[in-house]
A.B. asks: 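Please read through the structure below; I'll follow up with questions.
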Amino acid sequence: MNYPHIPGPIGVFDSGYGGLTILSKIRETLPQYDYIYLGDNARTPYGTRSFEIVYEFTLQAVNRLFLMGCHLVILACNTASAKALRSIQINDLPQMDPQRRVLGVIRPTAECIGTLTRSRHVGILATAGTIRSESYPLEIHKLFPDITVTGQACPMWVPLVENNEAQSDGADYFVKKYIDSLLEKDPLTDTVVLGCTHYPILAPKIERYMPPHIATVAQGGLVADSLKNYLARHPEMDAKCTKGGHCLYFTTEAEEKFSESASTFLNEPIRVERIEL
Ligand code: DGL
């Protein structure tokens, strides 16, 4: 592929708005870099889709971000990280451009788990796709084989967020339902990972229904710290990332729809452009 070889922004991809929770933490930690955010809002949610489709959509997005000049792309989406990241890293990157990198959000989260849990019983709330992929238990057990990992799919949470219903009264029922169901499966759980980048938007409701002795872990800060660390360890990649403090937004859905919702996620007005993948 003929990708631009000059330095460019860091790409941040999600199936929809969820990745904005990661982007805002990354920008807080690393404000000096330029970013491109791409949300595949027209085809969200990914969580209920097959491996093949999530892989195909994610590869299209990565290719587009490379064409836009990104040398480093963060999949700010657990479902894409679970279902597509490994194949892209192993099979596609060597042909696309072996110097470019794609990183996910599951590994940085798994790395922190060992220091957070005391009971060694950890719960994962995520999309059906992420839970079915078993990526969390696999990644956590590589590092901490003694930890018991229990997953709970929350298929209604992403639609609540994508439809701006996260703060509505109707959301309470589904928030409580999945938390209760996770804790029934393993009452020894003391740490719960919000394993979907959309879920921090439901934080006020999650706090209401999560028992107070349980620590809830959101990924934004963990991913931001991990990226900072990565760039410090890879000066050759750092040199390929432009530093102007700007962020451009792209969506596959209508521009007005994205900017209206994204502004509430980011607490600032943004300009967005629609593209097709
Ligand atoms: N935000 C994404 C994640 O972290 C996926 C949401 C979806 O499209 O289902 O899993």
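All ligand and atom numbering here is 1-based and tracks the order in the structure.
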A.B. asks: Students should be able to answer this: which protein heavy-atom is nearest to atom 2 (C) of ligand 1, and at what distance?
C.D. replies: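 Among all protein heavy atoms, the one nearest atom 2 (C) of ligand 1 is Cys77 SG, 3.3 Å.
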A.B. asks: Could Asp40 and Arg43 be called an ion pair, given the rule that one side-chain N must be under 4.0 Å from one carboxylate O?
C.D. replies: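 Salt bridge: yes.
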A.B. asks: Can you find a pair of side-chain heavy atoms, one from Leu65 and one from Phe250, that are under 4.5 Å apart?
C.D. replies: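 No - every pair of side-chain heavy atoms lies 4.5 Å or more apart.
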A.B. asks: Please indicate whether Arg233 has more than 12 foreign heavy atoms, meaning atoms of other residues, nucleotides or ligands, lying under 6.0 Å from its CZ.
C.D. replies: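 More than 12 within 6.0 Å, yes.
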A.B. asks: Just to confirm my output: which protein heavy-atom neighbour is closest to atom 7 (C) of ligand 1, and how far is it?
C.D. replies: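 Among all protein heavy atoms, the one nearest atom 7 (C) of ligand 1 is Tyr46 N, 3.3 Å.
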A.B. asks: Decide if atom CD1 of Ile6 counts as having more than 12 heavy atoms of other residues, nucleotides or ligands within a radius under 6.0 Å.
C.D. replies: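 It does not: Ile6 CD1 has 12 such atoms or fewer within range.
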A.B. asks: In the protein, what heavy atom is nearest to atom 1 (N) of ligand 1, and what distance, to one decimal place, separates them?
C.D. replies: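 Ranked first by proximity to atom 1 (N) of ligand 1 is His198 ND1, 2.7 Å.
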A.B. asks: Under 6.0 Å from the CG atom of Asn2, do we count more than 12 heavy atoms belonging to anything else shown?
C.D. replies: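 Count not over threshold, so no.
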A.B. asks: Please list, in number order, the atoms of ligand 1 under 4.0 Å from a heavy atom of Ser15.
C.D. replies: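 Counting from 1, the qualifying ligand atoms are 5 (C), 6 (C), 7 (C), 8 (O).
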A.B. asks: So, is Gly47 polar-close to ligand 1, with some N/O to N/O distance under 3.5 Å?
C.D. replies: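 Checking ligand 1 against Gly47, an N or O pair does fall under 3.5 Å apart.
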A.B. asks: Check each atom of ligand 1 against the heavy atoms of Thr127 and keep those under 4.0 Å away; list them by number with element.
C.D. replies: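 Per the distance check, 9 (O), 10 (O).
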A.B. asks: What atoms of ligand 1 come closer than 4.0 angstrom to any heavy atom of Thr44?
C.D. replies: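 Listed by number with element, the hits are 8 (O).
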A.B. asks: Nearest to atom 3 (C) of ligand 1, what protein heavy atom do you find, and at what distance?
C.D. replies: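 Result: Asn78 N, 3.2 Å.
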A.B. asks: Consider every N or O of Thr79 and every N or O of ligand 1, then say whether any pair is closer than 3.5 Å.
C.D. replies: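 N/O-N/O distance below 3.5 Å exists for this pair.
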A.B. asks: Check Glu111 against Phe144 and note the closest heavy-atom contact, atom names and distance.
C.D. replies: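 Distance-wise, the nearest heavy atoms are O-CZ, 3.6 Å.
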A.B. asks: Fit a plane to each ring of Tyr249 and Tyr37, take the angle between them on a 0 to 90° scale, and name the class: parallel (under 30°), tilted (30 to 60°) or perpendicular (over 60°).
C.D. replies: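 Because their plane-to-plane angle lies in the 30° to 60° range, the rings of Tyr249 and Tyr37 count as tilted.
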A.B. asks: Step through the shown structure and confirm whether more than 12 heavy atoms of other residues, nucleotides or ligands are within 6.0 Å of CZ on Arg208.
C.D. replies: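 It does: Arg208 CZ has more than 12 such atoms within range.
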A.B. asks: Within a distance under 4.0 Å of any heavy atom of Asp14, pick out the atoms of ligand 1 and give their elements.
C.D. replies: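 It comes down to these atoms of ligand 1: 1 (N), 2 (C).
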A.B. asks: Is Thr197 in polar range of ligand 1, meaning some N or O pair under 3.5 Å apart?
C.D. replies: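 Min N/O separation from ligand 1 is below 3.5 Å for Thr197.
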A.B. asks: Look only at interatomic distance and state if Thr48 has a nitrogen or oxygen under 3.5 Å from any nitrogen or oxygen of ligand 1.
C.D. replies: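 Min N/O separation from ligand 1 is not below 3.5 Å for Thr48.
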